[in-house]
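These notes are about the structure you will find just below.
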Protein chains: 2
Amino acid sequence: MRLSSLADYAVVMMSAAARHCGGIARLNATLLSEETGVPLPTVQKLVSRLSAAGLIESTRGTGGGFRLSRPPASISLADIIEAVEGPIALTACVDGAAQDCCIDQTCKVKPHWNAVNGAVRGALAGVTLASLSQVPNSPVPA
Amino acid sequence: MRLSSLADYAVVMMSAAARHCGGIARLNATLLSEETGVPLPTVQKLVSRLSAAGLIESTRGTGGGFRLSRPPASISLADIIEAVEGPIALTACVDGAAQDCCIDQTCKVKPHWNAVNGAVRGALAGVTLASLSQVPNSPVPA
DNA sequence: CGCAATCGGATCATATCGGTCCGATTGGAC
DNA sequence: GTCCAATCGGACCGATATGATCCGATTGCG
């Protein structure tokens, strides 16, 4: 019931990125590490995952870096957490995924997990990077 | 963002207990293990934690066992999860607890976590053992 | 008074996670 | 055109936390 520290770092990172450049300018992992205090290798790992998830766009080479691929207002905590931790599900027995759960048939609890998962996910989806960063002068993303 | 399997087992156990006896009769860990399919040692461990949390009352000795200390309607998922996993908090930086978070001062995200935690906890607190026992189509297990 | 059954705590193996390192790729500079 | 430097990307390794197993303490009954 506690998200991994990587996910926490990712939220902080994305929030810092949104606050810095509003998703327009390009920044590198080293700068972001200095800004947020997150260890550089961890930032790099997170950049990899976030890039694979399509939340940021990374560019290699000298002068490279990355930037938000979407406006901060359209990136939610759910997006970031899913990118880092995988699907948001409190239990492994989400429907659609066959499990080795030995009590699969007699389990009366399983039908209720989806509702709970949806509620949790909704709570996370309701918080965007824009609301996290509270950027004063850029309320409208380009 | 996924609760431990122990918590999952605990919910299944409590649900089974509520369904069996409605919190009145007394049952033992062995029977519950056979009913739910949860390994016996795990059931015993969970009984210990749940008993320590005050959710169930255990009795030692021959013919002992345990029973729900409260009606199923007044026991929620939040209670069970907190008993097994500790406080419900997505991050370690809940207010009131000093952290070694190096970005404590510059962290703009921290004030928002409490709202998210509250939303998640509310979603879990809204589901009680009584509602878990009620299966929509109520198929009688063999 | 002895025995059996049950909970309770302690111990150990396992798996996931977090941190670190090295290589592949790309842009710029000469 | 070639070399070099900076950066991302993936892979390896150690540490922490979790889950399962085992043994002892306690209690009721015969």
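All heavy atoms count here, side chains included; hydrogens, waters and symmetry mates do not. The chains referred to below are lettered A, B, ... by the order of the sequence lines, with proteins before strands, and numbering in each begins at 1.
- Between the C1' atom of dT21(D) and the NZ atom of Lys45(B) lies a distance of 10 Å, rounded to the nearest Å.
- Mapping Thr62(B) and Ser48(B) onto DNA chain C by nearest heavy atom places Thr62(B) closer to the 5' end of the strand.
- Between Leu31(A) atom CG and dT7(D) atom C1' there is a gap of 14 Å when expressed in whole angstrom units.
- For the pair Ala29(B) and Gly61(A), both in contact range of DNA chain C, the more 5′-proximal nearest nucleotide belongs to Ala29(B).
- In this structure, Val84(A) and Val11(A) have side chains that are not in contact, with every pair of non-hydrogen atoms separated by 4.5 Å or more.
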**Request:** Start with the C-alpha distance between Leu77(A) and His112(B), add both sets of side-chain angles, then the distance that settles side chain to side chain contact (heavy atoms under 4.5 Å, CB included), and finish with yes or no.
**Result:** CA-CA 11 Å; Leu77(A) 284 183; His112(B) 298 275; over 6 Å; no
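- When distances run from any side-chain atom of Pro39(B) to the nucleotides dG18(C), dT21(D), dC8(D), the shortest one goes to dT21(D).
- Looking only at atom types and distance, the side chain of Ser5(A) has no donor-acceptor partner in the side chain of Asp8(A) under 3.5 Å away.
- In terms of modelled atom types and a separation under 3.5 Å, the side chain of Ser131(A) and the main chain of Thr128(A) share a donor-acceptor contact.
- Looking at the side chain of Leu6(A), the nearest of the listed nucleotides dG8(C), dG9(D), dG19(C) is dG19(C).
- Among the protein residues, Ser51(A) comes within range of the sugar-phosphate backbone only, with heavy atoms under 4.0 Å from sugar or phosphate atoms but none that close to a base.
- Residue Tyr9(B) contributes atom OH, which lies 5 Å from atom P of dA20(D) at whole-angstrom precision.
- Of the listed nucleotides (dA11(D), dT27(D), dG19(D)), dT27(D) has the atom at the smallest distance from the side chain of Arg60(B).
- For the pair Met1(A) CE and dT18(D) P, the interatomic distance rounds to 14 Å; values are reported in whole Å.
- Between dG19(D) and Ser5(B), a contact under 4.0 Å exists linking OP1 or OP2 to a side-chain N or O.
- One interatomic measurement links the two molecules: CZ of Arg67(A) to P of dC8(D), which rounds to 14 Å at whole-angstrom precision.
- Mapping Pro41(A) and Thr30(A) onto DNA chain D by nearest heavy atom places Thr30(A) at the nucleotide closer to the 5' end.
- Minimum atom distance to the side chain of Asn28(A) is reached by dC8(D), of the listed dA20(D), dC8(D), dG8(C).
- Without hydrogens or angle criteria, Asn28(A) side chain to Gly65(A) main chain gives no donor-acceptor distance under 3.5 Å.
- Between dC8(D), dA6(D), dG8(C), one nucleotide has an atom nearer to the side chain of Gln44(B) than all others, and that is dG8(C).
- Taking 4.0 angstrom as the limit, Thr42(B) places a side-chain polar atom (N or O) nearer than this to OP1 or OP2 of dA20(D).
- Set against dA20(D), dG8(C), dC8(D), the side chain of Ser58(A) has dC8(D) as its closest nucleotide.
- Taking atom CD1 of Ile56(B) as the reference point, atom C1' of dG8(C) lies 12 Å away to the nearest angstrom.
- For the pair Glu57(A) CD and dG9(D) C1', the computed distance is 17 Å after rounding to whole Å.
- Computed from coordinates, the Leu46(A) CG to dG9(D) C1' distance equals 13 Å when rounded to whole Å.
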